[in-house]
Amino acid sequence: MTSTELPRHLRKPLRDLLDAGGRVARDGSDVLIDGPTGLADAVRAHAGQLAQYVVPAVRADEAAFVRSLLTDAGASVATITSPSEARRVVTEICASNPDVVGLDFETEVLPAYRQPITIKFTKGGSLAARQPRDGAAGAALDPYRSKVRLVQAWAGGEHCFVFDMRMVAWADIAPLFDMPLAIFNAVFEVKRLIHEAHIEPTGRVYDVMTAVWLTNGCRPSLAEAGRINYGFDIPKALGASDWSAEALTPEQLDYAALDAVLCRLLWDTQQNEVFDDIDKQCQEVADAAIPAVARMELHGMPVDVAAHRVQIAHWHTELEAAQNALRTASPLRDLRKAAALQAHLYDVLDAETLSTWPRTNSGLLTTRRQQMAINNHLPALAELLRVRALQKLINSFGDSLIDAINPVTERLHTSFLIAGARTGRFAAREKNLQQMPKRRQAGFRKIFAAPEGQLVMALDYSQIELRAVAELISDWIGTDSILRRSFAAGLDVHTATAKSMMGKNRLEDVTDDERQLAKPCNFGLIYRMGNTTFYHYLRADFVSDITFEKACELRARFFACYPDMARWQNEYARHTREQGYTQTVAGRRWRWEWRAQNPEDVDEDEPFYDDTISGFNGAYAVNHPVQGSSAEVMQIALTRLDRALRGERAQIIATVHDEAVLLVPDDPASVERIGAIAQQEMIAAFLEVFPAAPTLNLVEPKVGPTWGDLQSLQKWLQNSGTAGGTPGATSEL
DNA sequence: CATGAGCGCGCC
DNA sequence: AAAGGGCGCGCTCATG
Ligand SMILES: Nc1ccn([C@H]2C[C@H](O)[C@@H](COP(=O)(O)OP(=O)(O)OP(=O)(O)O)O2)c(=O)n1
Ligand SMILES: [Mg+2]
Ligand SMILES: [Mg+2]
């Protein structure tokens, strides 16, 4: 994608205007030009021509093409602008009992939030390829600052209906949402329905976007999906067009309708050509979570902006000191720059260390924290790590976090993508709430504070993937695995591993932090970490003075404790190599062909040539079913929590892979009741995936004033009984 | 100068 | 370092 050249006679005055601080914006189909009078007038002289570039529009041939696609699909566009007509056609659609209705919405920014969208140009006066989608332009995607203008629905009949929601009320078309629906990125539409129309779809909702991901291992846009599946070359210019115009153009209406048509076509292809029964089952689990996720996104995460500001100020102060220390330690080179740091390493490393120092993919010396921590006796490295850590916090969790807060709700509305990961885990974006600092920056999550009268409740599965692998091993060997027996006995395997690694005598001597550090050991070893990497991890983070021999011994001892796991790893991995894929309990597959290499690009003498070209990988083979089945547990858990808590004043506000975060009323009776329900649902979810699993200590509710300040529900109830208020609340002041 | 790959790093 | 896996995001630096 490159920037679009404007005609020469436009470029010059435009550049002058922009240099003088002027700006060009679009407001609907109008072009606004401001800046110093003379310069602005020079551009205004060409306003008509400029509009052709900056106002989204389709060319005549593209419009004709969209029309022809609709014709080929057998759908003519019928725009509905009256309530009575809307009721009539919706009744008709429902009476025809369609197998599915393709559905799509176009949204318009609410008048109160409508503002001109500034056009971005390059310094040379060309139109920038990437126009900003945040700020004013992003308002159209925000359910709190925009509303649905068009509802497009195609049930496979001769008309694709386009309802103009300025003239039609939600009540007029409500029965539509009792039909099975096929939607691309369904959470977006369902959010609108819940928030704006107070309607929740009662029929099956199919998300045709995540379905592509499930079977093709790629995640295209709707237009790309149309191209991949049917060779359609859909113009995308109108996606960002002005849906708030009084009268929409026929091209806009066609374009809008086409998306609904595409949704139904994709659904048909997926259900009838691509999916087998297992794919359908997987998709059903993921789709069931759509309403829960829609509500979760609408709720959003509350942020204590004042507390956050204090946190940032602290970081800046510390950074200042850390930078001074670094400058003292390395007066000549700025080690924050990779090249300078690498030069420094060449100076201070002995030949032996240098030759074994890990390299980046492009052959340079790595500068990653783990490697430098192992060598932090060398000059300036410890100082550098401190600077880097603070810089990271400031850059990733500083002002940018505040910028992401919604101006209407004053909360953080992260997007959660159901099965956004290959394994089926959620992905999160637009301030990824799943990566907020925790262990390394104790207390940061206190900025996520419940509003007055409410509390944060969090439920995180205990040792979830260890419990999952315990079940998979048991199924494979046909008898209770060692891990399953451990969990039935109430043991904590992370603690046990920490004890072993630290050479401690008693479990009680293992600290919380040591337990945290043992997690990567357990999961690393389960997912086929080698001796060297294991040794490096231990040295950098855990047991800094350990020898390689001792690390090898610890690793061997781990497998000696769990011989059935070693057997499962080898046998199951070999099995998936033959099978061509590895899969979760519900049947989500990771196909080796998705990472296969072209034989022509691989040297035949290369070791493990066969695996390289087939795409097989033993670590993926064992990780995918464990991580992925655990993700299915969480999908089910959210679905169940959302249903079970419907009668309560509780809101799900986030999920972090094996954790659900809620807001609940701040009174002991509610907390106790909601905690019990939530715990019960999460246990039930785990059992849906792993029916034979022990449930002792599986998940415990935690409560507190903030996400960073939680204690077990039991303790909280005791304290609230005596103190009569929220424990910890006073310490916040 | 705008763009994208590479890298590193936050979390689970 | 033939192997822990899964993400998203911010910065830098080479590329055109
Ligand atoms: N370095 C890590 C950390 C986590 N995980 C996976 C396995 C964990 O089971 C899961 C959830 O992470 P948690 O931090 O919740 O860890 P556990 O559930 O295992 O332990 P806890 O009992 O503390 O919740 O994520 C992983 O693969 N590698
Ligand atoms: Mg957990
Ligand atoms: Mg967790």
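Throughout, a chain's letter reflects where its sequence line sits, starting with A, and its residues are numbered from 1.
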Between [atom2] of [N] and [atom1] of [X], the distance in whole Å:
{"X": "A:Arg386", "N": "B:dG8", "atom1": "CZ", "atom2": "C1'", "result": "18 Å"}
{"X": "A:Arg528", "N": "C:dA1", "atom1": "CZ", "atom2": "P", "result": "18 Å"}
{"X": "A:Gln441", "N": "B:dC9", "atom1": "CD", "atom2": "P", "result": "16 Å"}
{"X": "A:Arg539", "N": "C:dA1", "atom1": "CZ", "atom2": "P", "result": "15 Å"}
{"X": "A:Asp403", "N": "C:dC9", "atom1": "CG", "atom2": "P", "result": "14 Å"}
{"X": "A:Met529", "N": "C:dG4", "atom1": "CE", "atom2": "P", "result": "6 Å"}
{"X": "A:Met436", "N": "B:dC9", "atom1": "CE", "atom2": "C1'", "result": "14 Å"}
{"X": "A:Arg369", "N": "B:dC7", "atom1": "CZ", "atom2": "P", "result": "19 Å"}

Which listed nucleotide ([options]) is nearest to the side chain of [X]?
{"X": "A:Gln435", "options": "C:dG8, C:dG6, B:dC7", "value": "C:dG8"}
{"X": "A:Lys392", "options": "B:dG8, B:dC12, C:dC7", "value": "B:dG8"}
{"X": "A:His657", "options": "C:dG6, C:dA1, B:dG8", "value": "C:dG6"}
{"X": "A:Asn623", "options": "C:dG4, C:dC7, C:dA1", "value": "C:dG4"}
{"X": "A:Asn395", "options": "C:dC9, C:dG10, B:dG8", "value": "C:dG10"}
{"X": "A:Phe397", "options": "C:dG6, B:dG10, B:dC12", "value": "B:dG10"}

Think [X] has a side-chain N or O under 4.0 angstrom from the OP1 or OP2 of [N]?
{"X": "A:Thr532", "N": "C:dA3", "result": "no"}
{"X": "A:Asn361", "N": "B:dG6", "result": "no"}
{"X": "A:Thr367", "N": "B:dG8", "result": "yes"}
{"X": "A:Lys438", "N": "B:dG10", "result": "no"}

NA contact type, [X], heavy-atom cut-off 4.0 Å: base, sugar-phosphate, or nothing?
{"X": "A:Tyr620", "answer": "sugar-phosphate"}
{"X": "A:Lys337", "answer": "sugar-phosphate"}
{"X": "A:Arg445", "answer": "sugar-phosphate"}
{"X": "A:Arg440", "answer": "sugar-phosphate"}
{"X": "A:His536", "answer": "base"}
{"X": "A:Gln569", "answer": "nothing"}
{"X": "A:Thr360", "answer": "sugar-phosphate"}
{"X": "A:Pro358", "answer": "base"}
{"X": "A:Trp357", "answer": "nothing"}
{"X": "A:Thr366", "answer": "sugar-phosphate"}

Can you list everything that forms a side-chain hydrogen bond (donor to acceptor under 3.5 Å, both in side chains) with A:Ser462? Sequence neighbours excluded, please.
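Scan of A:Ser462 (side-chain hydrogen bond (donor to acceptor under 3.5 Å, both in side chains), adjacent residues dropped) gives A:Arg467.
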Side chain proximity check, A:Ile374 to A:His536, heavy atoms < 4.5 angstrom:
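SC-SC contact between A:Ile374 and A:His536 confirmed.
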Would you measure the distance from the P atom in C:dG8 across to the matching atom in C:dG4 and give it in whole Å?
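Going atom to atom, P in each nucleotide, I get 22 Å.
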For A:Ser400 and A:Gly618, take the nucleotide of DNA chain C holding the closest heavy atom to each; which residue's nucleotide lies nearer the 5' end?
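Its nucleotide being nearer the 5' end, the pick is A:Gly618.
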Nearest nucleotide by nearest heavy atom, which residue falls closer to the 5' end of DNA chain C, A:Pro520 or A:Arg359?
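Looking at the nearest nucleotide for each, A:Arg359 comes out on the 5' side.
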Ion pair present between A:Asp304 and A:Lys446, side-chain N to carboxylate O less than 4.0 angstrom?
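So A:Asp304 does not pair with A:Lys446 through a salt bridge.
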Using the test ring-ring contact (aromatic ring centres under 6.0 Å, His included), find all partners of A:Phe559 that sit at least two apart in sequence or belong to another chain.
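A:Phe559 satisfies ring-ring contact (aromatic ring centres under 6.0 Å, His included) with no other residue.
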From OG1 (A:Thr612) to CG (A:Asn617), nearest 0.5 Å:
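It is 9.5 Å, given to the nearest 0.5 Å.
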Which distance, rounded to the nearest 0.5 Å, do you find between the OG1 of A:Thr706 and the CZ of A:Arg445?
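If I round to the nearest 0.5 Å, the distance is 10.5 Å.
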Can you check whether A:Phe523 and A:His494 have ring centres sitting under 6.0 Å from each other?
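For A:Phe523 and A:His494, the ring centres are under 6.0 Å apart.
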Would you say the rings of A:Trp315 and A:Phe444 are close, in the sense that their centroids are separated by under 6.0 Å?
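A:Phe444 vs A:Trp315: aromatic centres under 6.0 Å.
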Suppose the criterion is side-chain hydrogen bond (donor to acceptor under 3.5 Å, both in side chains): which pairs have a residue in residues 337-346 of chain A, not counting sequence neighbours?
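Output for this query is empty, none listed.
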Under the salt bridge (Lys or Arg N to Asp or Glu O under 4.0 Å) rule, what pairs show up with a residue in residues 380-394 of chain A, not counting sequence neighbours?
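Only A:Glu318-A:Arg386 qualify under salt bridge (Lys or Arg N to Asp or Glu O under 4.0 Å).
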Stretch residues 425-434 of chain A: residues that reach within less than 4.0 Å of DNA chain B through a heavy atom:
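Here the set is A:Arg425, A:Gln434.
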Which atom pairs link the protein and nucleotides 14-16 of chain C when you take only N or O atoms and keep those under 3.5 Å?
none

Cationic tip of A:Arg422 within the cone over A:Tyr620's six-membered ring, i.e. under 6.0 Å and within 45° of the normal?
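No, A:Arg422 does not lie over the aromatic ring of A:Tyr620.
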Can any side-chain N or O of A:Glu471 pair as donor or acceptor with the backbone N or O of A:Phe690 at less than 3.5 Å?
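No.
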